[in-house]
Every structure is written in C-alpha cells, then in structure tokens.
Asks: 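Input: one structure, supplied below.
Owing to the predicted nature of the structure, the values given are computational and were not obtained by experimental measurement. Residue numbers start from 1 in every chain, and the chains themselves are labelled A, B, ... in the order their sequence lines are given, proteins ahead of strands.
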Amino acid sequence: MDKRQHASVLLSWYDEHARVLPWRVGPKSGRDVRADPYHVWLSEIMLQQTVVKTVIPYFETFLARWPTVFELAACDQEDVLKRWAGLGYYARARNLHACAKVVVSRHDGVFPSDEQQLLALPGIGPYTQSAIRAIAFGKRAGVVDGNVERVIARLYALKKPVREIKSQIQDKAFALTPASRPGDYAQAMMDLGATICTPKRPACARCPLQENCLALKGDCAAALPVRAAKKPKPVRTGTAFLVLREDGCVLLRQRLDKGLLAKMLEVPSRGWIEGQKNARNESAPVQAQWQQVPGFITHTFTHFHLQLDVQCAHVSADHPVLAAADRARCRWVPRHELGEQALPGVMRKILSHGFGEPL
DNA sequence: AATTCGGGGGG
DNA sequence: CCCCCAGAATT
C-alpha cells in the first residue's frame, strides 16, 4: 500500500467513524469548511496531555464565557484560572491568557498560520503549531502527538525507544500526510490511536490499516512503542490548616508565581516533604486551637505522591494572620463560594475532607 | 537530554 | 496499582 492509498483508506474510515467533538467541523459538512482557528487553538491547548472526554466540558465553558480571542484577552488572569481549575497543568492556563493577549495586540486578533509565528506564541510548541496549521488552515503539516507516535511506530515496526527516533517518526508522519484534507487526516490518525490502535490490546481486527501494519505482521503491535522506564514516585507528607471564621469564611492563599500549582489558590499547609523529619519547622498560618480531622487525604502528582493530614480551627472575625509576608496573598472566602474559586484538585480534596462533604 | 509541570480513565 | 493521555517550558 503506497502513501496515497494509506491516506485514502484512513480518510474513508474517518468519514464513517469520526467522533463528533465540539471543536471539530465535519468531516461531512463540506470540503473547504475549516474550523475556527480560535476554537482549534483553545481545544489543542486543553488537549495537551489530557483526554478528550475530560476536555469537552471545559471547552464548552470557555467558549461560552469568551466567544472570541478578544474577550479572552481582555479578562483577568484569575478568571481564567478559576475556570481552568481541575484541568491540571496550570501553566497552560497562564500561557493561554498570555497568548490571547499577544494575538490581539500584535496580530489584530487573527491567529497566524506561519510555523515560526505560531511557535513564538506562549504555550504553542511543535505539536500544537502543526495541529493548528493543518486543522484550522488546511496546511500540509506533520501532526505528531502521543497517538500518532504509537500508530507510526507500529505501522513501521519501529522497535527503538521512541526517545531516540522522534525525528524519524516526525519525518514518516509528514511523508504520509496528504496534500488534500491534511486536517482531517491528522485527526483521523489521532482518532485511530485513541479508539483502535490503543496502547494495550489494540483492536487490530477492526483497523483500516491492518494490511499496511508491519507490527501486526510481526505480531508485536502491543509491545510498541518502546518507552523509557519510569522512575518511582516518592511519598511526601504534610499538614493542611483549615481556618473557619465565625462569619462562615475560609482562609485561602494564592500560591507563588512559579512552581507547582503556581498562582492558584490553596489551603495553607506545611511540609510537602519527603520523610517526616523536618515537617515541624514551619508554623500554622494563625494561632488557634487546632483540632485534628480524622483520617487523611492522598493525592498523586506527576512526580510524587502526597499524603496530608488536616487540622481545623474556628477563629473570630478580627483574628490576625500570623505571617506578615503572607497577608497580601491571603483572603477570606465565603464557604458557598469555594466551588467557583481557582482551587486545584488537591485543595478541593482538603476542603471536602475538612467539611465532610463535597464543595 | 532530563526534569518539571495535574488529573483522570482504563486495564 | 500502573499505564498513558491531541506536550511545553525550563534546566
């Protein structure tokens, strides 16, 4: 099967099996209908390392709140962080807002179709750049994400660690990309990887490319691609402090501008340290009579496990926050407004555990 | 070239 | 539990 047949077979499969997604136009709604670059960009940022099902409700919320890049560029960053809360990788949200501002201020609100201009925008890397050019502008770009990486590795039975053959995979992906409907082709490859050519137990019997697949021929599809061994995740422990004011407000604090969960809100805590020796050096955010909440919460980040116990205290309305440096970042939030704050998943777990009920 | 960034769904 | 996901930025 040559390259033209490959693309033709895959596009036929896509025309019949394509999933209906809110940012996707077609494929049956017409040949030259291209998706709105703003929609494509927004969805692609959200889809970085995040599965389609998780993204859909966030995409709908963002589009309803900010119909165009102009509204998004004009809003406050914290508003973006609030609506991104729970989606993870929060640098994406900060870069999203920064990118919108640049597109408005330097490109008159029109997304560029040029590779270098796209790469210059915050949050847009090699993958997102090519996806936008193919899907929104109909350019012939080699779109390689984790799905395509796996499909290509199997099609050609590439048995070296993918780390070492990135450029080879990129070259083959581009070579296979047709001049017509490159956006549909890219989405077809990704859909194939997500639904047929899955990491474990691929459904080769239902694959439109089975005649073309060297891995299937060599009976090694499930073993590809070869990825580097992962390092074990250490366990960090600490204590969270849930401060309840008599008027029903909870003490929250904005995190630092850099690092884990940067600029998001948090329940004040100490520790997050491997082992337990130095966990008692830092102090609580206020002086109070602390009461241990029975049990603990656990949360797993990309590179460590976290286990926190939760201490709870009730304070009066004029109670001072201890650390002067913290006061600027601290705020009292009514309990019924917690759900709409820029609180990451782990912070919501802490609050739910402390209150004994979901936010 | 390695590490740092979240969170959740599926085996 | 472990895997990986429409990756990018930083070191």
Side-chain angles (χ1 to χ4, degrees), chain A residues 18-19 21-24 35 39-59 81 84-96 98-99 118-136 141-151 161-164 166-167 170 173 183 185-195 197-203 222-223 225 227-235 255-264 298-306 342-349:
Chain A
R19 294 177 288 178
L21 303 175
W23 50 83
R24 182 175 281 180
H39 298 184
V40 174
W41 165 70
L42 178 59
S43 66
E44 292 299 344
I45 300 299
M46 289 182 166
L47 286 162
Q48 289 167 6
Q49 293 292 286
T50 310
V51 291
V52 165
K53 185 181 178 184
T54 303
V55 164
I56 289 175
Y58 283 88
F59 178 82
L81 296 181
W84 197 277
L87 195 54
Y89 285 150
Y90 298 98
R92 293 185 297 172
R94 288 178 268 125
N95 284 331
L96 183 85
C99 182
L118 283 169
L119 286 173
L121 294 169
I124 296 183
Y127 162 77
T128 305
Q129 162 270 130
S130 58
I132 291 174
R133 286 197 298 135
I135 299 170
V143 180
V144 180
D145 72 330
N147 289 303
V148 176
E149 209 170 70
R150 183 172 56 254
V151 172
V162 288
R163 261 300 218 331
E164 304 172 13
K166 289 270 187 188
S167 65
Q170 177 67 47
Y185 172 81
Q187 294 178 89
M189 286 286 277
M190 295 190 280
D191 268 18
L192 186 74
T195 62
C197 196
T198 51
K200 302 167 189 173
R201 300 175 51 128
R227 300 191 188 279
K230 309 200 164 160
K231 297 203 297 189
K233 294 178 180 180
V235 177
R255 289 175 62 84
L256 301 180
D257 294 344
K258 292 184 177 180
L260 187 70
L261 307 177
K263 295 191 176 181
M264 299 295 285
T298 62
H299 193 78
T300 299
F301 292 95
T302 309
H303 51 291
F304 66 92
H305 299 286
L306 180 65
L343 289 162
V346 63
M347 301 303 161
R348 291 168 188 266
K349 279 188 187 176

Asks: Go ahead and write out DNA chain B as dot-bracket, 5' to 3': ( ) for pairs within the strand, [ ] for ones crossing earlier pairs, | when the partner sits on another strand, dots for unpaired; Watson-Crick or G-U wobble, both distances under 3.5 Å.
Replies: |||||.|||||

Asks: Name the residue closer to the 5' end of DNA chain C, choosing between Leu121(A) and Leu47(A) according to the nucleotide with the nearest heavy atom.
Replies: Leu47(A)

Asks: Walk me through it: do Asn147(A) and Met189(A) pass the test side chain to side chain contact (heavy atoms under 4.5 Å, CB included)?
Replies: CA-CA 7 Å; Asn147(A) 289 303; Met189(A) 286 286 277; over 6 Å; no

Asks: Given side chains that start at C-beta, do those of Glu44(A) and Tyr127(A) come closer than 4.5 Å, heavy atoms only?
Replies: yes

Asks: Write down the distance separating the P atoms in dG9(B) and dA8(C), rounded off to the nearest Å.
Replies: 23 Å

Asks: Please report the distance, rounded to the nearest Å, between CE in Met190(A) and P in dC5(C).
Replies: 13 Å

Asks: Which value, in whole Å, describes the distance between the P atoms of nucleotides dT11(C) and dG6(B)?
Replies: 15 Å

Asks: In sequence, state the C-alpha distance, the side-chain angles, and the governing distance for Leu21(A) and Phe59(A), and then conclude on side chain to side chain contact (heavy atoms under 4.5 Å, CB included).
Replies: CA-CA 10 Å; Leu21(A) 303 175; Phe59(A) 178 82; over 6 Å; no

Asks: Students often get this wrong, so: under 4.0 angstrom with heavy atoms, is Trp84(A) touching a base, only sugar-phosphate, or nothing?
Replies: nothing

Asks: Using the C1' atom on both, measure dG8(B) against dA9(C) and round to a whole Å.
Replies: 23 Å

Asks: Lys233(A) vs Phe301(A), test: side chain to side chain contact (heavy atoms under 4.5 Å, CB included). Steps then yes/no.
Replies: CA-CA 9 Å; Lys233(A) 294 178 180 180; Phe301(A) 292 95; over 6 Å; no

Asks: Is the shortest side-chain heavy-atom distance between Ile45(A) and Tyr89(A) below 4.5 Å?
Replies: no

Asks: Atom CZ of Arg255(A) and atom OH of Tyr90(A): how far apart are they, to the nearest 0.5 Å?
Replies: 11.0 Å

Asks: Roughly how many Å is it from CD1 in Ile132(A) to C1' in dA8(C), rounded to a whole number?
Replies: 13 Å

Asks: Rounded to the Å, how far apart are Leu21(A) CG and dA6(C) C1'?
Replies: 10 Å

Asks: Within the structure, does a side-chain N or O atom of Arg227(A) lie under 4.0 Å from either OP1 or OP2 of dC3(C)?
Replies: no

Asks: For Leu192(A) and dC5(C), what is the distance between atoms CG and P respectively, to the nearest whole Å?
Replies: 14 Å

Asks: Measuring only the C1' atom in each nucleotide, how far is dA6(C) from dT3(B)? A whole number of Å is fine.
Replies: 22 Å

Asks: Sequence neighbours left out, what pairs pass salt bridge (charged side-chain N to carboxylate O under 4.0 Å, His left out) with at least one residue falling in residues 86-96 of chain A?
Replies: none

Asks: What is the separation between atom CD1 on Ile45(A) and atom C1' on dA8(C), rounded to the nearest whole Å?
Replies: 9 Å

Asks: Any side-chain to backbone donor/acceptor pair from Thr50(A) onto Gln48(A)? Under 3.5 Å, distance only.
Replies: yes

Asks: Answer with base, sugar-phosphate or nothing: what part of the nucleic acid does Leu306(A) contact at a heavy-atom distance below 4.0 Å?
Replies: nothing

Asks: Kindly indicate, with the supporting measurements, whether the criterion side chain to side chain contact (heavy atoms under 4.5 Å, CB included) is fulfilled by Val346(A) and Leu261(A).
Replies: CA-CA 10 Å; Val346(A) 63; Leu261(A) 307 177; 4.0 Å; yes

Asks: Would you check if the side chain of Arg19(A) reaches a backbone N or O of Asp191(A) as a donor-acceptor pair within less than 3.5 Å?
Replies: no

Asks: Determine the contact category for Arg150(A): base if any of its heavy atoms lies under 4.0 Å from a base atom, sugar-phosphate if only primed atoms, P, OP1 or OP2 are that close, otherwise nothing.
Replies: sugar-phosphate

Asks: Just by protein heavy atoms under 4.0 Å, how would nucleotides 3-11 of chain B read 5' to 3' in B, S and -?
Replies: BSBBB--B-

Asks: Taking atom C1' of dA6(C) as reference, at what distance in whole Å does atom OH of Tyr185(A) sit?
Replies: 15 Å

Asks: Whole angstroms only, please: what is the OH-P distance between Tyr127(A) and dC5(C)?
Replies: 12 Å

Asks: Need one value for Thr128(A): base, sugar-phosphate or nothing, where a base atom within 4.0 Å counts as base even if backbone is also close, heavy atoms only.
Replies: sugar-phosphate

